[in-house]
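Numbering of residues begins at 1 and proceeds along the displayed sequence. First listed ligand is number 1; within each ligand, the first listed atom is number 1.
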Amino acid sequence: MLIRTGRDGFEHPVASEITPREVYEDRRQLLKWMAGGAAGVGLAAWAGREAFAQQVQRPGKLAPIADVRSTVPGAVTMEKVTSYQDATSYNNFYEFGTDKSDPAQNAHTLQTRPWTVEVSGLVKKPAKFAIDDLIKLAPQEERIYRLRCVEGWSMVIPWVGFSLSKLIEKAEPLGNAHFVQFLSLADAKTMPMVSSRILDWPYFEGLRMDEAMHPLTLLAFGMYGEVLPKQNGAPVRIVVPWKYGFKSAKSIVQIRLTEGMPPTAWNKAAANEYGFYSNVNPNVDHPRWSQATERRIGEDGLFAKRRKTLMFNGYEAQVGQLYAGMDLRKNY
Ligand code: MTE
């Protein structure tokens with residue numbers, strides 16, 4: 001059940017939807033988090049003091065990745081985190097197959113070392129980063145984001161990474177850099193579907209410069225306190241929480257700054273269905289289905305109701321102004 005606070009116009013979860021007491025009652029963790037500055041203003045108004053202590057359970061399957069809780073406004077939703085099992089077994093990663101279970105089954109072939117990410121195009125300082133140097137470029141933060149897929153389902157995932165802007169700033173963008181393009185790895189030897197024609201490979205996505213520089217846009221190296229599982233886009237991916245999930249390119253190898261709007265894989269495949277912006281918008285239907293509601297993965301019981309999808313996936317306060325004056329029906 002959701003309650004509308006009226007204060008910021010968003011619906012927030014009631015306390016019963018927040019991670020159970022046994023998970024969050026670790027006082028030392030609570031103090032660590034509060035010391036990290038996450039005691040945000042006004043949070044207590046809606047969910048009570050205990051909500052401060054939501055902790056993410058670490059599955060202990062992969063290498064831990066050090067982090068502090070993010071203080072970026074909007075970076076930590078208090079909604080109940082999706083189970084690690086669900087987040088790592090229900091995926092879209094077409095390089096490994098088109099079924100939701102394919103990436104978990106097939107992505108073990110992905111080689112994540114050595115791995116290089118190149119920052120190129122309209123920058124003063126183009127650079128190539130070995131993944132282990134890139135990880136150390138800025139402090140790793142834990143951010144709990146909603147991810148809303150265009151297909152009508154959503155998850156809440158604790159990512160670990162830092163704002164993409166930190167990397168872009170380092171490259172010193174030129175004045176005519178207005179867009180950023182992301183390219184994923186396309187390796188036919190380790191990615192079975194790359195030899196197919198279901199998409200134009202490599203998977204490519206893009207953002208406008210101000211979207212890419214927004215502090216919520218994350219360069220993610222981990223989730224649930226551990227390095228990214230391969231099916232979720234190891235060793236590094238983008239996460240843009242206010243856009244449909246397909247904007248969040250996985251296993252990226254290149255970040256290219258451009259003057260003109262770059263092509264994107266899904267727009268190229270079906271331009272009338274997938275626009276460049278792809279902001280989560282319950283008022284603009286996909287040509288083949290409504291975008292007004294969503295199914296939260298893990299809430300599959302007989303009586304589970306679909307949730308109302310929120311404008312900009314609930315991040316309107318943080319990003320709405322980026323689109324002031326734009327016709328969001330035309331710019332879908
Ligand atoms: N990135 C690449 N390279 N290939 C893909 O097929 N799928 C996208 C996005 N990034 C995709 C990708 C889609 S449609 C979604 S919904 C999200 O990844 C899913 O991320 P998740 O599996 O970690 O939840």
Side-chain angles (χ1 to χ4, degrees), residues 62 81-107 109-110 112 115 117 143-161 164 181-188 190-194 196-207 217-224 226-255 263-270 273-275 278-280 286 289 291 294-298 309 313:
L62 296 171
V81 162
T82 299
S83 76
Y84 183 84
Q85 174 62 24
D86 282 336
T88 56
S89 59
Y90 191 88
N91 302 103
N92 276 334
F93 200 169
Y94 273 30
E95 288 85 334
F96 295 102
T98 53
D99 281 354
K100 299 284 175 273
S101 56
D102 285 342
Q105 264 171 40
N106 302 333
T109 53
L110 178 67
T112 59
W115 191 279
V117 176
R143 303 183 178 189
I144 305 181
Y145 283 169
R146 294 175 212 98
L147 183 133
R148 167 53 158 94
C149 186
V150 73
E151 297 159 340
W153 49 268
S154 63
M155 298 197 196
V156 175
I157 297 184
W159 302 103
V160 182
L164 173 68
Q181 186 178 37
F182 308 99
L183 292 121
S184 297
L185 179 73
D187 176 24
T190 54
M191 299 171 140
M193 294 304 274
V194 162
S196 81
R197 296 173 63 178
I198 46 163
L199 278 179
D200 196 6
W201 311 104
Y203 193 94
F204 45 103
E205 256 308 331
L207 294 173
T217 300
L218 188 68
L219 196 60
F221 303 89
M223 56 193 258
Y224 298 81
E226 299 180 358
V227 299
L228 284 173
K230 292 180 175 178
Q231 60 268 39
N232 293 89
V236 58
R237 67 175 292 172
I238 301 295
V239 187
V240 195
W242 70 95
K243 293 181 179 277
Y244 292 117
F246 66 85
K247 298 296 287 180
S248 296
K250 294 178 170 182
S251 304
I252 56 166
V253 290
Q254 213 180 122
I255 298 175
T264 63
W266 283 105
N267 180 255
K268 202 161 173 207
E273 300 194 4
Y274 308 105
S278 292
N279 292 316
V280 173
H286 183 279
W289 57 79
Q291 293 291 14
E294 67 203 54
R295 180 173 69 93
R296 182 64 50 85
I297 299 298
T309 290
N313 203 19

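Donor-acceptor pairing under 3.5 Å is lacking for the side chains of Ser154 and Arg148. At a cut-off of 3.5 Å, with distance as the only test, a side-chain donor of Tyr203 or Trp266 sits close to an acceptor on the other residue. Checking Asn92 against Glu151 by side-chain atom types alone, a donor-acceptor pair falls below 3.5 Å. Counted by atom type alone, Asn91 and Lys100 present zero donor-acceptor pairs between their side chains at under 3.5 Å.
In terms of protein heavy atoms, atom 5 (C) of ligand 1 is closest to Tyr203 CE1, 3.4 Å. In terms of protein heavy-atom proximity, atom 18 (O) of ligand 1 is nearest to Lys250 CE, 3.4 Å. In terms of protein heavy atoms, atom 17 (C) of ligand 1 is closest to Gly245 O, 3.5 Å. The protein heavy-atom contact nearest to atom 7 (N) of ligand 1 is Asn92 O, 3.3 Å. Tyr94 N, 2.7 Å is the protein heavy atom nearest to atom 6 (O) of ligand 1. Protein heavy atom closest to atom 4 (N) of ligand 1, with residue, atom name and distance, is Glu95 OE1, 2.8 Å. Shortest contact from atom 16 (S) of ligand 1 to any protein heavy atom: Cys149 SG, 3.3 Å.
For ligand 1 and Phe93, the ligand atoms under 4.0 Å from any heavy atom of the residue are 2 (C), 3 (N), 4 (N), 5 (C), 6 (O). The ligand atoms of ligand 1 that sit less than 4.0 angstrom from a heavy atom of Asn232 are 21 (P), 23 (O).
Ligand 1 lies out of reach of Gly233, whose nearest heavy atom is not under 4.0 Å from it.
At a 3.5 angstrom cut-off on N or O pairs, Ser248 counts as close to ligand 1.
Residue pairs meeting the salt bridge (Lys or Arg N to Asp or Glu O under 4.0 Å) criterion with at least one member in residues 236-245, sequence neighbours excluded: Glu211-Lys243.
A donor-acceptor distance shorter than 3.5 angstrom exists from the side chain of Asn313 to the backbone of Pro241, with no hydrogens or angles considered. Side-chain N or O atoms of Lys250 include none that pairs as donor or acceptor with a backbone N or O of Lys230 at under 3.5 Å.
The aromatic rings of Phe246 and Tyr244 lie parallel to each other, their planes meeting at an angle below 30°, with 60° marking the opposite boundary.
Considering each of Glu151, Arg237, Gln231, the one bringing a non-hydrogen atom nearest atom 23 (O) of ligand 1 is Arg237. In the candidate list Trp153, Phe246, Trp266, Phe246 is nearest to atom 13 (C) of ligand 1, counting heavy atoms.
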